[in-house]
Student: 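Structure in structure tokens, see below.
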Amino acid sequence: FIQRAGETAYRILQLAKQSSPKKKITLSYRSDILCKQKGKKRTLGLQTRLVLNCVGPYRFFGEPVVEACVENGASCIDISGEPQFLEGMYLKYNEKAAEKGVYVVGSCGFDSIPADMGVLYTRDKLKGTLTAVESFLSVKSGPEGVGVHDGTWKSAVYGLADEDNLKKLRKQIGYAPVPVVGAKLKKRGFLFYSPEFKEYCLTFMGSDGSVVKRTQRYLHTELQQTPVQYGAYVTIGGLGSVIKLMFMGMLFLLLVKFNFGRKLLTKYPEFFSAGRFTKKGPTQKQMDGTSFTMTFFGEGYSEGQDPQNGKPNVKICTEVKGPEPGYIATPIAMVQAGLSLLEDAASLPKRGGVYSPGAAFSKTKLIDRLNKRGVEFSVISKPEV
């Protein structure tokens, strides 16, 4: 490995050493070599098979790394949760990466390995044909609360501000539509009460939905597998939490439309996020007290039933749970994805290219690796007709 320095650099290095103690692990601090020296020859990748890139926001710092890796024949993994960057890299570098025989795999952190691999895990555990899944993310914290670095905040600010260009990008790519198999998954309202969790829930605004859709499109188009419909949600608590979040959300959406508003949001993240996003990131106590659970409710058709006829007749509930998402679970996911790319090479797609995690790792031992490292996949309720 050559690992590029960033906010999770030290933890990723330690996990890489622990995960593969017999292999030589090299840490290279290259926070400016690609982003500030664009005019010079890019040499990153000449001496390595795989680069782990954990420096964001990726819309500003990500492409030079991808370009250098593809040019020099090295694979690349990142932890981006920015759909415009991820899909832009697919448009610009998919064919070039295929020609070089290298793999560029985005979203290999908390965004979006739990969601993407969780859908595949649910599919594999259902005896029959899975046609639809809804996931509900719950993040629990201790008395110190939750802390997130402002790099994630900046990604959200600029991502929402540039939403129109994402739509143009997708038109330029010309995605093939993903067919709906089985009963169509009903879309929930943006805000709703969940009797299962006894909490209010919101549509999840992260990259999970777009990443899972890319994976399902690939699996259907290239491997002729039945595509799974997907909806992503997050639990937010009681009515007090709803009121607080709605006020903050409306202020955020108002400011993000204007240049001066974006400057305010990025300059004072702690104020506008009620203390959740800071320039220092979470404290050790905050990380120790935080964990996540992602619950998947799947439905489909039992063996022998035609998904094109009738209503779904089988359900399943699965779960992915792990430690603090951003600074503990993300390094675990990234390192294990890297090891899967290196050690499960025979199970990767035959052709190099730019992939989502599920498309790249669906046939590898990634889920087994994650289970051994504390990001656990399990069946909560067995399939029931």
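Bear in mind the structure is a predicted one, so any value in this text is a computation, not a measurement.
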Student: So, does Gln336 use its side chain to make a donor-acceptor pair with the main chain of Ala333 at under 3.5 Å?
Tutor: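 Between the backbone of Ala333 and the side chain of Gln336 there is no qualifying donor-acceptor contact (under 3.5 Å).
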
Student: Decide yes or no on side-chain contact (heavy atoms from CB on, under 4.5 Å) for Leu120 and Leu219, but give the supporting numbers first.
Tutor: CA-CA 10 Å; Leu120 299 184; Leu219 295 177; 3.7 Å; yes

Student: Using the rule ring pair (Phe, Tyr, Trp, His ring centres under 6.0 Å), only one of Tyr175, Tyr355, Tyr90 pairs with Tyr218; which is it?
Tutor: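 With Tyr218 as partner, ring pair (Phe, Tyr, Trp, His ring centres under 6.0 Å) holds for just one option, Tyr355.
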
Student: Under 3.5 Å, is there a donor-acceptor pair linking the side chains of Ser138 and Thr235?
Tutor: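 Looking only at side-chain atoms, Thr235 and Ser138 do form a donor-acceptor pair, the distance falling under 3.5 Å.
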
Student: Give a yes or no on whether the backbone of Gly310 and the side-chain of Tyr301 come within a donor-acceptor separation of less than 3.5 Å.
Tutor: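 Yes, because the side chain of Tyr301 sits within donor-acceptor range (under 3.5 Å) of the backbone of Gly310.
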
Student: Is it the case that over 12 heavy atoms from other parts of the model lie below 6.0 angstrom from the OH atom of Tyr193?
Tutor: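 Counting other residues, nucleotides and ligands, OH of Tyr193 exceeds 12 neighbours.
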
Student: Verify the ring-centre separation between Phe197 and Phe136: is it less than 6.0 angstrom?
Tutor: yes

Student: Indicate yes or no for a side-chain donor-acceptor contact from Asn53 to the backbone of Val55 under 3.5 Å, with no hydrogens or angles considered.
Tutor: yes

Student: Answer yes when Arg188 and Glu134 have at least one side-chain N-carboxylate O distance shorter than 4.0 Å, and no when they do not.
Tutor: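 Judged by the 4.0 Å cut-off on N to carboxylate O distance, Arg188 and Glu134 do form a salt bridge.
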
Student: Is it true that Arg214 and Asp116 have a side-chain N and a carboxylate O under 4.0 angstrom from each other?
Tutor: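 Here Arg214 does not pair with Asp116 in a salt bridge, since their nearest N and O are not under 4.0 Å apart.
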
Student: Pairing donors with acceptors under 3.5 angstrom, does anything connect the side chains of Ser207 and Ser112?
Tutor: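 Present: a donor and an acceptor within the cut-off.
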
Student: Please check: side-chain N/O of Asn94 versus main-chain N/O of Met89, any donor-acceptor pairing under 3.5 Å?
Tutor: no

Student: Please walk me through it: do Thr129 and Thr226 pass side chain to side chain donor-acceptor pair (under 3.5 Å)?
Tutor: CA-CA 8 Å; Thr129 304; Thr226 301; 5.3 Å; no

Student: Are any of the side-chain nitrogens in Glu95 or Lys100 under 4.0 Å away from the carboxylate oxygens of its partner?
Tutor: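 No, this pair does not count.
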
Student: Could you tell me whether the side chain of Asp306 and the main chain of Gln308 form a donor-acceptor pair under 3.5 Å?
Tutor: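 Checked: pair present.
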
Student: With distance as the sole test, does His220 use its side chain to make a donor-acceptor pair with the main-chain N or O of Gln225 at under 3.5 Å?
Tutor: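 Yes, the answer is positive, given that a donor and an acceptor are paired below the 3.5 Å cut-off.
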
Student: Answer yes or no: is there a donor N or O on one side and an acceptor on the other, between the side chain of Ser75 and the main chain of Tyr103, under 3.5 Å?
Tutor: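 Answer holds: yes.
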
Student: Treat each ILVMFWY residue as a node, draw an edge where side-chain heavy atoms are under 4.5 Å apart, and state whether Val105 and Leu342 are in one component.
Tutor: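 Yes, Val105 connects to Leu342 through the hydrophobic network.
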
Student: Under the side-chain contact (heavy atoms from CB on, under 4.5 Å) criterion, do Leu50 and Ile77 qualify, and how do the steps go?
Tutor: CA-CA 8 Å; Leu50 174 64; Ile77 282 177; 4.1 Å; yes

Student: Counting neighbours of NZ on Lys244 that are heavy atoms of other residues, nucleotides or ligands and sit closer than 6.0 Å, is the number greater than 12?
Tutor: no

Student: Kindly work out whether a path of hydrophobic side-chain contacts (I/L/V/M/F/W/Y, heavy atoms less than 4.5 Å apart) joins Leu265 to Tyr268.
Tutor: yes

Student: In this structure, are over 12 heavy atoms from other groups packed under 6.0 Å from Met205 atom CE?
Tutor: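 No, because the 6.0 Å sphere around CE of Met205 holds 12 heavy atoms or fewer from other groups.
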
Student: Between Thr203 and Tyr233, do the side chains contain a donor N or O and an acceptor N or O under 3.5 Å apart?
Tutor: no

Student: Is there a side-chain contact (heavy atoms from CB on, under 4.5 Å) between Leu160 and Leu253 once you walk through the steps?
Tutor: CA-CA 8 Å; Leu160 281 172; Leu253 291 173; 4.2 Å; yes

Student: Are the ring centres of Phe296 and Tyr121 closer than 6.0 Å?
Tutor: no

Student: Without swapping roles, check the side chain of Glu319 against the backbone of Lys321 for a donor-acceptor pair under 3.5 Å.
Tutor: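 Side chain of Glu319 to backbone of Lys321, a donor-acceptor pair under 3.5 Å: no, none is there.
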
Student: Between Glu199 and Lys140, does any side-chain N to carboxylate O distance fall below 4.0 Å?
Tutor: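 A salt bridge is present here (some side-chain N lies under 4.0 Å from a carboxylate O).
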
Student: Backbone N or O of Glu144 within a donor-acceptor pair of the Gln286 side chain at under 3.5 Å?
Tutor: yes

Student: Classify the side-chain pair Thr122/Thr318 by whether it contains a donor and acceptor separated by less than 3.5 Å.
Tutor: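 Side-chain D/A pair, Thr122 to Thr318: present.
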
Student: Please find out if less than 6.0 Å separates the ring center of Trp153 from that of Phe252.
Tutor: yes

Student: Please tell me whether Val178 and Leu223 are part of a single hydrophobic cluster in this structure, the criterion being side-chain heavy atoms less than 4.5 Å apart.
Tutor: no

Student: Applying the 4.5 Å side-chain criterion to the ILVMFWY set and letting contacts propagate, would Val212 and Val181 be lumped into a single cluster?
Tutor: no

Student: Backbone N or O of Ser302 within a donor-acceptor pair of the Asn313 side chain at under 3.5 Å?
Tutor: yes

Student: Could you tell me if Ser155 and Glu82 have a donor-acceptor pair between their side chains, going purely by distance under 3.5 Å?
Tutor: yes

Student: Would you say the side-chain atoms of Glu196 and Ser194 include a donor-acceptor pair closer than 3.5 Å?
Tutor: yes

Student: Should Asp208 and Met294 be marked as a side-chain contact (heavy atoms from CB on, under 4.5 Å) after you check the CA-CA gap, both sets of side-chain angles, and the distance that decides it?
Tutor: CA-CA 12 Å; Asp208 288 354; Met294 190 173 284; 3.8 Å; yes

Student: Between Lys280 and Asp150, does any side-chain N to carboxylate O distance fall below 4.0 Å?
Tutor: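 No salt bridge links Lys280 with Asp150.
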
Student: For Asp162, which of Arg59, Lys167, Arg262 qualifies under salt bridge (charged side-chain N to carboxylate O under 4.0 Å, His left out)?
Tutor: Arg59

Student: What about Leu185 and Val211, same hydrophobic cluster or not, with Ile/Leu/Val/Met/Phe/Trp/Tyr joined at side-chain heavy-atom distances under 4.5 Å?
Tutor: no

Student: Just checking, is any N or O donor in the side chain of Glu63 or Tyr93 under 3.5 Å from an acceptor N or O on the other one?
Tutor: yes

